[in-house]
Amino acid sequence: MYIAAFAPDEGESAFALSAGGALDDAVAGVPVPIQAGGTDVELSIRPEEFRRVFISEVGSATALAMAATQRPITLTALGSPSGPPA
């Protein structure tokens with residue numbers, strides 16, 4: 001099931017589209033090494049904020065389980081500009 005998505009215009013990024021939203025204060029970052037050398041940052045929603053900003057329709061126990069199993073996304077992935085529309 002696909003619940004929501006970003007649809008950036010060419011050159012926009014998902015990070016730019018989400019700026020100023022509820023996730024701004026709810027996300028934690030962890031530096032991670034990348035294959036090409038250097039580091040990136042993996043972002044995930046802090047467990048205590050997960051239910052409030054992502055899925056308020058479920059109970060606390062379910063939201064905590066979902067928070068514990070969420071997959072992080074890198075700052076590079078969110079910040080990469082979109083290519084030409086399909």
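Positions are given from 1, in the same order as the sequence printed here.
A distance of 9.0 Å separates CD of Glu42 from CZ of Arg71, quoted to the nearest 0.5 Å.
Ile73 and Ala77 make their closest contact through CG1-CB, 3.9 Å (heavy atoms, listed as atom of the first residue, atom of the second, distance). Of all heavy-atom pairs between Pro8 and Ser82, the closest is CG-CB, 3.7 Å. Ser80 approaches Ser13 most closely through the heavy-atom pair O-CB, 3.5 Å.
Identified under the ring pair (Phe, Tyr, Trp, His ring centres under 6.0 Å) test for residues 26-79, with sequence neighbours left out: Phe50-Phe54. Residue pairs meeting the ring pair (Phe, Tyr, Trp, His ring centres under 6.0 Å) criterion with at least one partner in residues 58-81, sequence neighbours excluded, do not occur; the list is empty.
With sequence neighbours excluded, the residues forming a salt bridge (Lys or Arg N to Asp or Glu O under 4.0 Å) with Arg52 are Glu49, listed by chain and number. Contacts of Glu12 classified as salt bridge (Lys or Arg N to Asp or Glu O under 4.0 Å), with partners at least two apart in sequence or in another chain: none.
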Side-chain donor-acceptor contacts of residues 58-67 below 3.5 Å, not counting sequence neighbours, with atom names and distances?
unit_1, atom_1, unit_2, atom_2, d
Ser60, OG, Arg51, NH1, 3.3

Which donor-acceptor pairs under 3.5 Å do side chains of residues 15-37 form with protein atoms, sequence neighbours excluded?
unit_1, atom_1, unit_2, atom_2, d
Ser18, OG, Ala14, O, 3.3
Ser18, OG, Phe15, O, 3.1
Asp24, OD1, Gly20, N, 3.4
Asp24, OD2, Gly20, N, 2.7

